[in-house]
Amino acid sequence: MSASMRSYRIRAQAIVVVLVACVLTILSLIASSEYIYDADVESVQTSFARGWTDEGGNLVDLSMLGAANLSDGDNVILHNRLPYELNPGSELIFCSCNTNFIVYVNGEEVYSFQPERSPLVGHNYGYAFHFIDLPQSVAGTEVVIYVNGMYADNSSEFKAMEISSANDYVHRHFLRGVPLGVVCLAVVFLGSVLIGMHFYLRNIGHIAFNLASLGLFSVIMGVWAAMHTLIPYLLAGGIQLWRVIDCYSLIFAPYLLVAFADSLMVKRRKRYVWASFSVAMALTIAAFVLNLADILDIHYTMHAVRVAMLLQAALAIYMIASTVRLQRSAGHYVRHGSVINALVVFIAASVVDLVAYMYVRFSFYTPGMFASLGLLVALLIVYMHIGKIVKSDAVSASQIDEIRNLAVTDALTGIGNVRAWNDAKEELQSMFESGQLEDAAVCMLDVNNLKNVNDTLGHEAGDRYICVAVDCINRTFGKFGGCYRKGGDEFTAVICTSDPAADFRECLVGLNELLDEFNAGEGAPLPMRIAVGSASVKEHGSFEAAEIVADESMYAHKSSMKDARPA
């Protein structure tokens, strides 16, 4: 393949990958837009996210409570009024993040949320759902929420606030998380399978790159993104386990990505992998120790983690670019080109996700959305690439088997040749010496009149003559062991049974019957006779010795057949 064709193929693969990623993103947004609209926009009858004001009467965006200058020790008081009609069983339901608060309805405290500081993740509890009963008697009264933000940034928020029944709320928000949740489950499943495939394919030498690191990375990222669908919090509550996974998985995930990128390189750079691992370990230890000592909350160390993620993503791209450039400069086809394209697409999607999380808040955006879709596309491409490799190796293996079979098969008759007999003899001798085989009979056979057929009717007729003889030998001696053509008109058969002598006699009777049947027909150019001799392996001590004795017996039989021929 020319260099221009290789370059065109690589560009085409990259374009296809990008188009697939775009299509999946659009389809996911379309699929989830209905549920997002139902849950978030003001026109929904049950929404209670609008109309909140502070003490000065200024409208407050519940999703951006950090903009109200909340920090540890500061408070903001939010005001709103309940609808003048409340259905039986109505509840004030919402999700909070990194926020302490107390809820008052009609001047009475009805709910308080003051989570304890965790030694693993500090004040950062992540998300929690709250369900506050609203009896019909409080319809039209004022709701006041005293909010204490945990951090002086935009991480404090209330989201998806509604006045609804718990069942309706849970059902609606569960459906909202389903599209991205399905993507995350697919990523986790494909990643788990990759880990198993890594060890299997490595053992049989099919795959050169590190599927285990990609598989573990996929599992971690899939679980991390699934948490941001809020389904785990909705079903299990705001337990600290989710936040621990959230924080520490982000620290180690980039290292696995760099390790995978290194396995794709022509010239491996282990120092990059060790550097990435060292960064992950240093960040983990620093975050844990500083948080445990209450010096710096782990929430603030996440800023350093995000910077490290960007730097390691840039490192992975540099590693990929350097190996592609090296292969192209050498005029070679880019090895694992489709996997490289997939990795680039995922990294690009992750960068978009990170920027969106840090600086932009789309109404439809869920953290991990773009990264999950990009990773799913990347995994599918990797699986297709693995399929091509396995298929190619399977074709090569079948070709090798075919060549091996040709090497031990007689081209004319289709039975084993002299090489196959020597291999079988060696294996059978080993079985005999180990006691697995008690006895066997080695039989030597010679087809008479082949030279006359060749001389009078031609070699084509002689070949047909030999094939008929092989058919007769196979139908009798072949029932008890293997048959082999040593060359020309000489054959070897082996009888591996508990009573080889008796079975030899049975074969001899059957062979003579088949020969008589052939000779009585009109298709026999000349009468066919086959000289046969046999010898016991147990009696003579080895297959080699039995073969010599059987050969002598066969020639004695051949001579007697000539002497018995009418003058």
Side-chain angles (χ1 to χ4, degrees), residues 401-402 404-432 436-451 453-454 462-519 524 527-540 542-558 561:
D401 290 340
E402 185 177 350
R404 186 181 292 114
N405 290 334
L406 289 174
V408 295
T409 302
D410 180 63
L412 175 64
T413 62
I415 63 174
N417 58 16
V418 65
R419 180 176 177 178
W421 163 239
N422 290 332
D423 292 342
K425 182 168 57 176
E426 184 177 344
E427 183 178 353
L428 290 170
Q429 180 65 32
S430 177
M431 293 173 62
F432 177 71
Q436 299 178 45
L437 184 65
E438 293 184 3
D439 194 9
V442 178
C443 309
M444 303 298 296
L445 303 97
D446 184 276
V447 180
N448 294 336
N449 289 331
L450 178 61
K451 186 177 185 305
V453 173
N454 285 332
D463 289 344
R464 289 195 297 270
Y465 197 74
I466 283 292
C467 289
V468 171
V470 168
D471 181 62
C472 295
I473 294 170
N474 251 335
R475 289 169 63 183
T476 52
F477 288 85
K479 295 188 298 184
F480 301 103
C483 299
Y484 309 89
R485 185 184 184 190
K486 295 188 69 175
D489 54 5
E490 293 186 1
F491 298 86
T492 302
V494 61
I495 299 175
C496 300
T497 61
S498 57
D499 190 357
D503 292 327
F504 169 72
R505 291 191 293 270
E506 179 183 337
C507 291
L508 200 58
V509 171
L511 177 65
N512 288 329
E513 289 177 354
L514 292 175
L515 294 177
D516 290 341
E517 182 180 341
F518 172 74
N519 292 331
M528 181 180 294
R529 297 183 179 88
I530 299 178
V532 184
S534 72
S536 168
V537 175
K538 184 177 182 179
E539 180 181 347
H540 297 285
S542 70
F543 277 83
E544 193 71 37
E547 183 179 8
I548 294 173
V549 174
D551 197 52
E552 293 173 351
S553 176
M554 181 271 292
Y555 275 108
H557 185 208
K558 188 179 183 71
M561 292 172 73

**Any donor-acceptor N/O pair, Asp446 side chain to Glu490 backbone, under 3.5 Å** = no

**Asked** Where the side chain of Asp551 meets the backbone of Glu547, is there a donor-acceptor pair that is under 3.5 Å apart?
**Response** no

**Request:** Taking all heavy atoms of Cys472 and all of Leu515, pick out the closest pair and write down the distance.
**Result:** SG-CD2, 4.3 Å

**Heavy-atom check, side chain of Arg529 versus side chain of Asn449, under 4.5 Å** = yes

**Request:** Go through the steps to decide whether Ile548 and Glu552 satisfy the test side-chain contact (heavy atoms from CB on, under 4.5 Å), and finish with yes or no.
**Result:** CA-CA 6 Å; Ile548 294 173; Glu552 293 173 351; 3.9 Å; yes

**Asked** Should Glu539 and Val549 count as side-chain neighbours, where that means a heavy-atom distance under 4.5 Å?
**Response** no

**Prompt:** Can you say whether the rings of Tyr465 and Phe518 are parallel (under 30°), tilted (30 to 60°) or perpendicular (over 60°)?
**Reply:** perpendicular

**Request:** State whether the side chain of Asp471 and the backbone N or O of Cys467 hold a donor-acceptor pair below 3.5 Å, judged by distance alone.
**Result:** no

**Request:** Mind checking the CG-CD spacing from Asn512 to Glu517? Nearest 0.5 Å is all I need.
**Result:** 13.0 Å

**Message:** Could you report the tightest heavy-atom contact between Gly462 and Asn454, atom names first, then the distance?
**Reply:** CA-OD1, 3.2 Å

**Request:** Report the distance from atom NZ of Lys558 to atom CG of Asp489, rounding to the nearest 0.5 Å.
**Result:** 6.0 Å

**Item:** Minimal non-hydrogen separation, Ile466 against Gly488, with atom names
**Value:** CD1-O, 3.9 Å

**Message:** Apply side-chain contact (heavy atoms from CB on, under 4.5 Å) to residues Val470 and Cys483 and explain how you reach the verdict.
**Reply:** CA-CA 9 Å; Val470 168; Cys483 299; over 6 Å; no

**Asked** Looking only at heavy atoms, what is the nearest atom pair of Gly533 and Ser553, with distance?
**Response** CA-OG, 3.5 Å

**Asked** Do the side chains of Val537 and Leu428 get nearer than 4.5 Å, heavy atoms only?
**Response** no

**Message:** Looking at every heavy atom in both Ser536 and Ala546, which two are closest together, and how far apart are they?
**Reply:** O-CB, 4.0 Å

**Prompt:** In Å, rounded to the nearest 0.5 Å, how long is the span from CD of Glu506 to CG of Leu511?
**Reply:** 12.5 Å

**Prompt:** Are Lys425 and Glu544 ion-paired here, with the side-chain N under 4.0 Å from a carboxylate O?
**Reply:** yes

**Item:** Side chains of Val442 and His540 in contact at under 4.5 Å (non-hydrogen atoms)
**Value:** no

**Backbone of Val532 reached by a side-chain donor or acceptor of His557 within 3.5 Å** = yes

**Request:** Kindly give the heavy-atom pair with the smallest separation between Ala440 and Leu437, and that separation in Å.
**Result:** CB-CD2, 4.2 Å

**Asked** Distance from Ile530 atom CD1 to Asn448 atom CG, nearest 0.5 Å?
**Response** 8.5 Å

**Request:** Please assess Met444 against Thr492 for the test side-chain contact (heavy atoms from CB on, under 4.5 Å), listing each intermediate value before the final yes or no.
**Result:** CA-CA 5 Å; Met444 303 298 296; Thr492 302; 3.5 Å; yes

**Request:** Supply the atom-to-atom distance Cys507 SG to Leu445 CG, rounded to the nearest 0.5 angstrom.
**Result:** 9.5 Å

**Request:** Could you check if a side-chain atom of Ile415 sits within less than 4.5 angstrom of a side-chain atom of Phe491, using non-hydrogen atoms only?
**Result:** yes

**Heavy-atom check, side chain of Glu427 versus side chain of Asp423, under 4.5 Å** = no

**Request:** Please state whether the rings of Phe543 and Phe432 are parallel, tilted or perpendicular, taking 30° and 60° as the class boundaries.
**Result:** perpendicular

**Prompt:** To the nearest 0.5 Å, how far apart are CZ in Phe477 and CG in Asp503?
**Reply:** 10.5 Å

